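Input: a single structure, listed below in structure tokens.
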Amino acid sequence: MVTTAIENSVKEGLMNIEVIPEIEIEEPKERQHGDLAINTAMVMAKQAKMPPKKIAEIIVSKMDPSNTFIERIEIAGPGFINFFLKDKFLEETLKLVYERGKDYGRVNIGNGKKVQVEFVSANPTGPMHMGNARGGALGDALASVLDYAGYDVTREFYINDAGNQIEKFGYSLEARYLQLLGIPAEVPEGGYHGEDIIDRAREFLEIYGDKYKDVPSEERRKALIEYGLKKNLEKIKEDLALYGIEYDVWFSEQSLYDSGEVYKVIEELKQKGYTYEKDGALWFKMTLFGAEKDDVLVRSNGFPTYLASDIAYHKNKFITRGFDWVINVWGADHHGHVAPMKGAMQALGIDPDRLDVVLMQLVKLIEGGQVVKMSKRTGRMVTLRDLIDEVGKDAARFFFNLRSADSPIDFDLDLAKEQSNENPVFYVQYAHARICSIIRQLEEEGVKIDNIDEVDLSLLKEEEEKELIKKLAYFPEEITIAAKTLAPHRITRYVLDVASLFHSFYNSHRVKGVEEDLMKARFVLILAVKTVIKNALNILKITAPERM
RNA sequence: GCGCCUGUAGCUCAGUUGGAUAGAGCAACGGCCUUCUAAGCCGUGUGUCGGGAGUUCGAAUCUCUCCAGGCGCACCA
């Protein structure tokens, strides 16, 4: 409508504009500034060589809001055009929420595009730590948001079951196994010193006894690795399931070696002339793609590096499996790996913009006021399982998704335990439970909504009611922004706002015990609030309890 | 040294591709339950948006610079 008004103004010679800017609609912070506002007049001021206020006046004079939800239009401040919506808009919002139910909030900016979200991908050499907990909460919520935004989402866990750290894992297990058999052995430098390694070795001993005592080290390690990986993966799957995460695909790095894809992609890069040999190793000319320096693809001992297998992995994602868009959730300590991967995609003829990496800042663990260095190698850590057991899945997921990925987190587990009932997640869940309680009582009294068109929603005139409905109307927009900016924490903030507005409403107005028509209208309102809270919590995989 | 991220109220953090008087939770104080769950609501206030400069109608947001913190810069992943 605005665009048309501008076009007409230009046609009539009232303005001189070459390019009509994109109309950005925003929600003003102050209610006196209307329900929606645009800054188009100010954006165009320079181009039109006219004061923004004048432009705004021309635009407004050319708009006809008679067949819309717009009640009136005002020009304010330096040239904002503010729109005030009719109450009819609020009624339509409630009907829409009522009709769409669990699908309310779904938008289609994704158009069914195939997107893969890879997250956590914890090393299967030990239990998952707090960083994995954060990555899990973030990645899973991001995947849900994209699903709500109309993408065809695949959740994937990449199993690093090949390479150097697996070797170290093998040596570490071997040392513990031999120790248990009374044979002197040491966990090697840079090996894994955690308790879990001893547990695995002991379990192995219980199953196989001293069968692997006198066999060659290589055979012994192979058996230990096979057992250890299998067992660790089982535990990882179990813990993630408790955390509410179900993957579509568990992808093995080793499978890329077994299928020959790693060697094929190295060969491809060689053919394209993007490699050279130096010091007995094969190097990738990353500097051609904007990197600071080149990196090694194949070590002088003949083994490919993780870079090589990762390139093969991403080629598999894009080419073999045909994902349109790939999103990796990585810890900030891997940020140096982003540019090489994008460069490699370019080298393979894949548009690097189809690869996004969400870098999340690290979780620093605090204990007794001191920073605890988390490391699988030193074995000193707090696991995801500890977090779930002591703080709870819902509180943990809400906590992590309250912050943007860019925000570093200091996590004090003792404090988290103490404060877990102050976690805002309960504030939201409480709102949901309160609504469910009212609904139960209304249903017991035989009140029900047969046909929403027979409910007079225009009776919802109180400020608290209008504010609440406007917030509900904003949900699809919130999903859109969260998807576009890859920022699922927006949903957490949003549902907190909804809960807050509901609690305000609850304390100033009653549903039960008012005149019947109004009661029914408010019944529809709280049903809508319940739907939105539930849908939002569902995105975060947080339970929406009916009683608390 | 180079690169990425961060610096916003006493504390923990939001701030939607530059927008109107910078917001919430926690903590502090005062008030609200004979009626739908007080895990709630209402009220009271504090900011050199790390410092400085620039870009423009307009900057917490963009650019430059300096300061502080985190992370990375392997033939580990």
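Keep in mind it's a predicted model, so treat the numbers as computed, not measured. Throughout, a chain's letter reflects where its sequence line sits, starting with A, and its residues are numbered from 1.
Nucleic acid contact for A:Ala332: sugar-phosphate only, since backbone atoms but no base atoms lie under 4.0 Å from a heavy atom of the residue. Using a 4.0 Å heavy-atom distance criterion, A:Ile481 is classed as a base contact.
Between A:Val428 and A:Phe398, some side-chain heavy-atom pair lies under the 4.5 Å cut-off. A:Phe400 is listed as a side-chain neighbour of A:Ile409, based on a closest heavy-atom distance under 4.5 Å.
Closest contact between the side chain of A:Ser504 and the listed nucleotides B:U37, B:C41, B:A14 involves B:C41. Counting only heavy atoms from C-beta on, A:Lys293 has its side chain closest to B:C73 among B:C73, B:U12, B:A39. Listed candidates were B:A77, B:G15, B:G40. Nearest to the side chain of A:Thr305 is B:A77. Which of B:C75, B:U37, B:A77 sits closest to the side chain of A:Val296 comes down to B:C75.
Protein atom CD1 of A:Ile533 is 14 Å distant from nucleotide atom C1' of B:U37, rounded to whole Å. Distance A:Arg510 CZ to B:A38 P: 10 Å, rounded to the nearest Å.
In this structure, B:C11 shows a glycosidic angle more than 90 degrees from zero, which is the anti conformation.
Annotation: B:A60 and B:G18 have their C1' atoms spaced 11 Å apart (nearest Å). For the P atoms, the distance linking B:A22 with B:G47 amounts to 11 Å, nearest Å. Rounded to the nearest Å, the gap between the C1' atom of B:G7 and that of B:G52 is 16 Å. Using C1' as the reference atom, B:U34 and B:A39 are 23 Å apart when rounded to the nearest Å. Remark: the separation of the C1' atoms in B:G58 and B:A20 is 10 Å, to the nearest Å.
Side-chain to base pairing of A:Tyr474 with B:U16: one donor and one acceptor N or O lie within less than 3.5 Å of each other. The base of B:C75 is paired with the side chain of A:Ser300 by a donor and an acceptor separated by under 3.5 Å. Judged by atom type and distance alone, A:Tyr306 reaches the base of B:A77 through a side-chain donor-acceptor pair under 3.5 Å. Taking 3.5 Å as the limit, the base of B:G40 and the side chain of A:Asn507 contain a donor-acceptor pair of atoms between them. Side-chain N/O atoms of A:His334 and base N/O atoms of B:G72 include no donor-acceptor pair closer than 3.5 Å.
A:Phe502 does not carry A:Arg434 over the face of its six-membered ring by the limits of under 6.0 Å from the centre and within 45° of the normal.
A side chain to side chain contact (heavy atoms under 4.5 Å, CB included) with A:Ile159 holds for exactly one of A:Leu233, A:Asn123, A:Leu229, A:Ile236; it is A:Leu233.
Among all heavy-atom pairs drawn from A:Ile266 and A:Ala308, the shortest one is CD1-CB, 4.0 Å.
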